[in-house]
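Inspection log for the structure reproduced underneath, given as C-alpha cells.
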Amino acid sequence: MFDDDTFVPSLPYLVQHFKKLYNPEDERMVAAMSDDIGQIHSFGFLPFGGGGIFVSVPLAKRLTEEKVWERCMASTKNQGDQIVNDCLNDFSTVRPTFDMELHQMDINGDPSGYFESGRRLLTIHHWKSWFSVNVPMVANVSKACGDECVLQRWQFDGDTVLSNGYSINEYPGGIERGGVELGKVEKTWDGDLWRYAHKIGPLRERVKEGVKRSLLLVEANVVKGVGVRQVYVERAKIVEGHSVGIDRVVELLWLF
C-alpha cells in the first residue's frame with residue numbers, strides 16, 4: 001500500500017530486499033516509520049503509508065475475514081494508515097516491523113541532504129507535495145547504469161561528490177580539511193536536528209555558506225543508441241534583482 005506521491009526507484013531491488021529479510025509465510029506487516037518524532041508523538045508508532053505498508057498473505061487472510069474486515073472498515077478514521085493500524089491492534093498480536101530503508105520523508109524545506117545521503121531509498125515519499133523533486137527524472141539514469149546507481153554517491157579528485165541523478169557538490173576548502181563528515185546526513189530541511197535522528201541519523205547541521213557549491217540536476221533524457229544525458233546547473237546568484245556571475249553547467253553522459 002502506497003500514497004499517490006510515493007515513488008519506488010527499483011521494484012526488483014525492493015523485492016530482493018524483502019526476500020532476503022522476511023519470511024512470506026509469517027504473519028507480518030512491514031512499514032515505514034515517520035522521520036519526524038513530532039509525527040510519531042501525534043499519531044504513535046503506526047505504519048506510515050507514504051513510505052509503504054506491506055502485508056504478508058497470512059496476515060492479510062486474518063484481517064480480511066468477514067467479521068474482522070467489516071469492523072475494520074467501520075472505523076471513523078479518515079486516513080488509510082490509521083485504519084490499518086487500528087485494525088492490526090484490535091484483531092492481531094502482530095505489530096509493525098519498521099524497515100529503515102522505507103522512507104516516509106516527513107520533511108519540509110530543502111531535501112538536498114536526504115537525497116545526497118548515499119542511503120538506500122527503497123521508497124521515496126512527499127516528492128511532489130511537502131517538497132519538490134522530479135524523482136522520475138532523477139531515476140532516468142538507471143536506463144544506462146542500472147537501479148543500483150540511482151542516487152549512488154561518487155567522490156572524485158578535487159573534493160567533488162556526485163549524488164547520481166540529484167546533484168554535484170564541490171567543496172572548495174576540501175572535504176577532510178573542511179571537517180565535512182560525509183558519513184553523516186546533512187540536515188538541510190526545516191526543524192531541529194534531534195527530531196529526525198531516530199530515523200535518518202547520524203545527522204550533521206547544514207554546512208555554512210561557501211563550504212559547498214552545488215549544481216542540481218535540471219535535465220536527464222535518453223539519447224537513442226548512445227546513453228543517458230544529464231545536465232547539472234548552478235544558477236548565478238541574484239543580488240538586489242541582478243545576476244552576479246554566470247550559470248555553471250556540467251553535462252554527464254552515461255553510455256549504454
Side-chain angles (χ1 to χ4, degrees), residues 7 9-10 13 101 103 105 107-122 124 126-128 130-190 196 200 202-223 226-239 243-256:
F7 187 87
S10 172
Y13 192 87
E101 294 191 27
H103 294 272
M105 301 187 76
I107 60 175
N108 289 284
D110 179 6
S112 295
Y114 215 120
F115 286 95
E116 296 169 351
S117 67
R119 303 286 179 84
R120 167 64 66 179
L121 306 183
L122 290 179
I124 298 172
H126 286 147
W127 57 278
K128 54 181 178 179
W130 288 33
F131 53 87
S132 181
V133 173
N134 189 338
V135 177
M137 184 173 69
V138 169
N140 247 353
V141 71
S142 66
K143 297 170 184 174
C145 57
D147 296 331
E148 288 289 335
C149 77
V150 177
L151 296 174
Q152 185 177 11
R153 289 197 303 192
W154 306 71
Q155 183 173 344
F156 299 96
D157 292 340
D159 296 302
T160 299
V161 177
L162 165 69
S163 296
N164 198 7
Y166 187 79
S167 68
I168 298 173
N169 289 324
E170 298 174 343
Y171 296 86
I175 294 173
E176 292 186 6
R177 294 191 306 277
V180 179
E181 298 180 89
L182 292 180
K184 295 183 177 182
V185 178
E186 183 183 2
K187 194 200 73 61
T188 56
W189 56 91
D190 302 339
Y196 307 93
I200 192 65
L203 292 160
R204 54 186 169 92
E205 294 290 357
R206 179 193 285 270
V207 297
K208 295 179 180 178
E209 187 174 358
V211 173
K212 178 176 75 173
R213 296 188 65 179
S214 298
L215 298 94
L216 299 178
L217 184 77
V218 298
E219 183 179 335
N221 51 62
V222 176
V223 180
V226 179
V228 174
R229 173 179 172 269
Q230 296 175 322
V231 179
Y232 297 84
V233 175
E234 179 189 36
R235 300 294 183 189
K237 291 185 178 180
I238 305 297
V239 178
S243 294
V244 177
I246 60 174
D247 293 349
R248 294 197 307 151
V249 179
V250 172
E251 182 177 0
L252 292 182
L253 184 61
W254 296 84
L255 300 178
F256 290 142

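Each residue takes its place number in the sequence, starting with 1.
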Report the residue from Tyr166, Phe7, Trp127 that forms a ring pair (Phe, Tyr, Trp, His ring centres under 6.0 Å) with Phe115.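 One option only clears the test, and that one is Tyr166.
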Please indicate whether Gln155 has more than 12 foreign heavy atoms, meaning atoms of other residues, nucleotides or ligands, lying under 6.0 Å from its CD.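 Atom CD in Gln155 is packed in, count exceeds 12.
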Could you check whether atom CG of Leu255 has more than 12 heavy atoms from other residues, nucleotides or ligands sitting under 6.0 Å from it?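 Yes, CG of Leu255 has more than 12 neighbouring heavy atoms, counting only those of other groups under 6.0 Å.
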Side chain to side chain, [X] and [Y], heavy atoms closer than 4.5 Å:
X	Y	answer
His103	Ile200	yes
Lys184	Leu203	no
Val150	Val141	yes
Asn108	Trp130	yes
Val185	Pro202	no
Lys212	Glu186	yes
Arg206	Lys187	no

Donor-acceptor check, side chain of Arg153 to backbone of Leu182, threshold 3.5 angstrom: yes or no?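 Here the side-chain-to-backbone pair exists.
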Would you find a donor on one side and an acceptor on the other, under 3.5 Å apart, between the side chain of Asn140 and the backbone of Ala220?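 The answer is yes, because a donor-acceptor pair under 3.5 Å joins these two groups.
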May I ask you to say whether Glu251 pairs ionically with Arg229, meaning some side-chain N is under 4.0 Å from a carboxylate O?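 Answer for the salt bridge query: yes.
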Derivation of the side chain to side chain contact (heavy atoms under 4.5 Å, CB included) call for His126 and Ile107: CA-CA 8 Å; His126 286 147; Ile107 60 175; over 6 Å; no
Quick one, Leu162 with Leu252, criterion side chain to side chain contact (heavy atoms under 4.5 Å, CB included). Give me CA distance, side-chain angles, the key distance, then yes/no. CA-CA 11 Å; Leu162 165 69; Leu252 292 182; 4.1 Å; yes
If we count only N and O atoms by modelled type, under 3.5 Å, do the side chains of Tyr232 and Ser214 hold a donor and an acceptor together?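 Distance-only check fails for Tyr232 and Ser214.
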Would Asn164 and Gln230 count as having a side-chain donor-acceptor pair, cut-off 3.5 Å?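 Checked: Asn164/Gln230 side chains pair up, N/O donor to acceptor below 3.5 Å.
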[X] to [Y] - nearest heavy-atom pair and separation:
X	Y	value
Ile124	Met105	CG2-SD, 3.6 Å
Ser243	Ala236	CB-CB, 4.4 Å
Leu217	Gly165	CD2-O, 3.0 Å
Thr188	Gly113	OG1-N, 2.9 Å

From CA spacing to verdict: side chain to side chain contact (heavy atoms under 4.5 Å, CB included), Tyr114, Arg119: CA-CA 8 Å; Tyr114 215 120; Arg119 303 286 179 84; over 6 Å; no
If you round to the nearest 0.5 Å, how far is [atom2] of [Y] from [atom1] of [X]?
X	Y	atom1	atom2	result
Ser142	Leu151	OG	CG	10.5 Å
Ile175	Glu181	CD1	CD	12.5 Å
Asn169	Arg213	CG	CZ	11.5 Å
Ile246	Arg235	CD1	CZ	12.5 Å

Taking the six-membered ring for Trp and the single ring otherwise, decide whether the centroids of Trp189 and Phe131 are under 6.0 Å apart.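 Aromatic pair excluded; centres sit 6.0 Å or further apart.
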Side chain to side chain contact (heavy atoms under 4.5 Å, CB included) for Val161 and Tyr171? Distances and angles first, verdict last. CA-CA 8 Å; Val161 177; Tyr171 296 86; 4.2 Å; yes
Who pairs with Arg204 by side-chain hydrogen bond (donor to acceptor under 3.5 Å, both in side chains), at least two apart in sequence or on another chain?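 In terms of side-chain hydrogen bond (donor to acceptor under 3.5 Å, both in side chains), with neighbours along the sequence ignored, Arg204 is linked to no residue.
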